[in-house]
Structures are given as C-alpha cells and as structure tokens.
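I have placed the structure first, in the form of structure tokens, so that the comments after it can refer back to it.
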Amino acid sequence: MNWDQILAPRMSRMKASEIRELLKLLDQPDIISFAGGIPDPALFPAQAFREGMGRALSDRQCATSLQYSVSEGYGPLRGWIAAGMAGIGVPCTRDNILITSGSQQALDYLGKLLLAPGDTALVGWPTYLGALGAFNAYEPHYAPLTPGDNRPAQDYRDQAAAQGGRVKFAYLSADFANPTGVTTDQTGRERLLDLAEDLDIAIIEDAAYQALRYDGEAVAPILATEIARRGQIDACRTIYCGSFSKTLAPGLRIGWVCAAQPVIARLVLIKQAADLHSATLNQIATHLVASGHFASHVPMLRETYGRRRDLMLAALDREMPDGVTWTRPEGGMFVWLTLPEYIDGAELLARSLRTERIAFVPGHAFFPDGSGRNTIRLSFTLHDKAAMDEGIARLGRLLRAA
Ligand SMILES: Cc1ncc(COP(=O)(O)O)c(C=O)c1O
C-alpha cells in the first residue's frame, strides 16, 4: 500500500514534534533534563484525586460519571470555572464555558473553526510549538505578531491577501509565554486589541500558565481588558483558553474555552462531531478537587516553582559565559536563552547528550520559519538546588567549550 498516494494534503504539514521525540531519549537516569515543560509529579494533589475519583465513582455518582454526557461539559465544573473567571475580571456565565480535553484540544478546534487553507494566523516569533502543530492541520500561513512595533494593519492585510487568504486571528500566551517566559504588558494587550479591531479578527488568548505568577503585578487577561471596552463578554472577539494541566494535573486532560456565546455554540458543534464530550469521570473528579483544593494548592505551587525559578536565575548569573543572555520570567515554567550567533542549539544538544548529559529544547522548533537557531529553552520546574546548580554548571561548561 502506498499511503503517500492517498494522504490528505494537510498531512504534509504535520511533523513529529521535536520535543516529544526528545522526551523519549531523556529517561536515562544520569541526564539532568531542563527539556520538558511539565509539572513536577511530586506536587500533584494525588490524595485529593484519589478521594475525588472515589466519590465520582460512588453508587450515587457513577450513573452520571460513567455515562455519556453533554458536549458543553459537566455543569458544576463549568459553573466553578465561570466563578473563577469572574474573579480575574471576566464576568461570565457557564454558557460562556466549554470544557475541552486539555487546552490543546481547544487550539485544534479553534483552527478548525477559523482557518481555511491559505489564511493567515498571527503568532509570536517564537511561539508555542503545540499551537503550530494544532493549526498546521488547517494549512495556514503565519505572520509574526509584534504588538510593540506598530506595524500597520494594512500591511498584515496585504500580506495575507497576497498569499490567497485573510488574517483570521492572533494567537498568544500573554502571561509567561511558552517558550520565552515573557509577559505582554497592559500597553501591549491594548495595542493587540486595537490591531484585532482594525483587522476584524479574533484573538486567541492562551492562558495555560496564567495562574503561576511568582512575583510582579498581575496583568488583567486580554479578555478582561476587552470586556472593559465592550461592556460584556458576548460582544468580545477574544477567545480565552484555560487549563488545569499546570495547576492540578495534565493527565486528566481537562481544559476550557471561555468566550462569547456564539463562539461557544459553534465549538460545541465541533466537539459533538469530534469526540461527543470530554471524559465525564475526569470532569467530575476535577470539579471536586478544584472546588476543595485549588485555593490552597496553587499558592504551594507558586512558592515551590518560584523558588526553583530563583535557583535557575542565580545559577545562570554565576555560570553563563559572556555573550549569553536570558529572560527573567515572573511566572510559568521557562527561561529562554539567546546564545552567540555562531552556536546552534540543536548541535549543542547533540553534543550535550554525548558529553555533559543535560537536556534542553533547541529554540528553532518554536519559530514557524525554523529561524532562531541560536536559542534554547530551559524549564525550571523539576529540580531543586543540587540538581539545578549541577545542571547549569554543566551548561556553562558546554557553552564555554562551544
Ligand atoms: C502555551 C501552552 N498552551 C497549551 C498547552 C497545552 O496544555 P493542555 O492541553 O495540557 O491544557 C501547553 C502545554 O504545554 C502550553 O505550553
């Protein structure tokens, strides 16, 4: 069978994620890994989930938790999320919430909802690799989103038209972005809203890390800023994607979209066709754990990850040779390093696996055009002082040798 003959054109854009391939190599015990952007499993609220699952499977609940359910998601969980959204400046009702199987599924659905082949998506340069993976299936072009540089809207319009489509949305992680750790300030958010209004496009606000702020002042979500302009969520163009993956646990695959009802209604149609609904059992357990433990669990995560971020930044200050610069994130999971032009992050990783045995993600994977070869992403979530100091000292040696 020659599969290439019958594959849909979209498959030519779908490549194995460099990060996923890498993670497979990193199980060896002597490697100190800064590669995976994953929560520390030692911090999972495992006992709370044991109890939550037990209750969800009790005689009283199992007729619901093991049954088919509505595509919108489990009502009490949607209600809990809506109340939480109100607490961060986004007054809404459960009718503005759709439960998804992780925010990754929301990105796929939004690509399906908005992109025709040849359309343009505005994305950070670099941006979250998984967003590019999700959108690629819908065959878009990408243009760099740089709210700071005041590029006229007409420029974006002309470029998209020349490529046979229209600009459809701007995608960004405004808080502690993956991969850079950088936060877009209030001025940048206002400018982005102006640009989106000018272009008449949607904004996809990926808030996967928003709850993990370690210091500095919280910046209102883009959706909150837009509600302040328009008066209510149903008049807004910003589509907010949230997730329990970084705050509770990624294994249950529970995320959500918060948006205007006309957007939610169409996403419900997509979800019905794709998978009917996210796992009912996981939604009920997540609701029990979130309503009982979120308020105490997240401050503990902030404390722990904040300390690890400080350890990484202090080690970088000590160990990095001249010519290397890095970001100082106020939250999230990542520090982004820019190396001298002549150092290639992918070659550095290959050398590291032979010599110093540390792992990180080469930065070019996060650029839609494969540029940024002299960048790497480090995650600080998994290590405490001894491993952090040793790993960053090894990185220093590796860079000095390069
Ligand atoms: C920026 C960003 N968005 C979305 C996701 C997907 O998360 P999930 O599908 O687990 O909610 C990730 C995962 O790493 C991420 O870094």
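Because only heavy atoms are used, hydrogens play no part in the values below, and waters and symmetry mates are left out as well, while side chains stay in. Numbering of ligands and ligand atoms starts at 1, following listing order. Fair warning: this is a prediction, and the values are worked out from it, not measured in the lab. Sequential numbering from 1 along the given sequence is applied to the chain's residues.
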Indicate every side-chain donor-acceptor pair of residues 116-123 with a distance under 3.5 Å to a residue at least two apart or in another chain.
from   : atom 1 : to     : atom 2 : distance (Å)
Asp119 : OD1    : Arg166 : N      : 3.0
Asp119 : OD2    : Ala116 : N      : 2.9
Asp119 : OD2    : Lys168 : NZ     : 2.6

Can you give each donor-acceptor pair under 3.5 Å made by side-chain atoms of residues 35-43, sequence neighbours left out, with the distance rounded to 0.1 Å?
from  : atom 1 : to     : atom 2 : distance (Å)
Asp40 : OD1    : Ala42  : N      : 2.9
Asp40 : OD2    : Arg308 : NH1    : 2.8
Asp40 : OD2    : Arg308 : NH2    : 3.4

Just verifying a value: how many Å separate Ile32 CD1 and Arg357 CZ, rounded to the nearest 0.5 Å? 11.0 Å
For residues 266-273, which side-chain donor-acceptor pairs fall under 3.5 Å, sequence neighbours excluded?
from   : atom 1 : to     : atom 2 : distance (Å)
Arg266 : NH1    : Pro262 : O      : 3.3
Lys271 : NZ     : Gln105 : OE1    : 2.9
Lys271 : NZ     : Asp275 : OD1    : 3.0
Lys271 : NZ     : Asp275 : OD2    : 3.1
Lys271 : NZ     : Ser278 : OG     : 3.0

Given a heavy-atom cut-off of 4.0 Å, could you list the residues near ligand 1 in chain and number order? Gly102, Ser103, Gln104, Tyr128, Ser173, Asn178, Asp206, Ala208, Tyr209, Ser243, Ser245, Lys246, Arg253
Walk me through whether Arg229 and Glu190 qualify under salt bridge (charged side-chain N to carboxylate O under 4.0 Å, His left out). CA-CA 10 Å; Arg229 285 187 185 189; Glu190 299 275 2; 2.8 Å; yes
Ring centres under 6.0 Å, that's the criterion: do Tyr209 and Tyr128 meet it? no
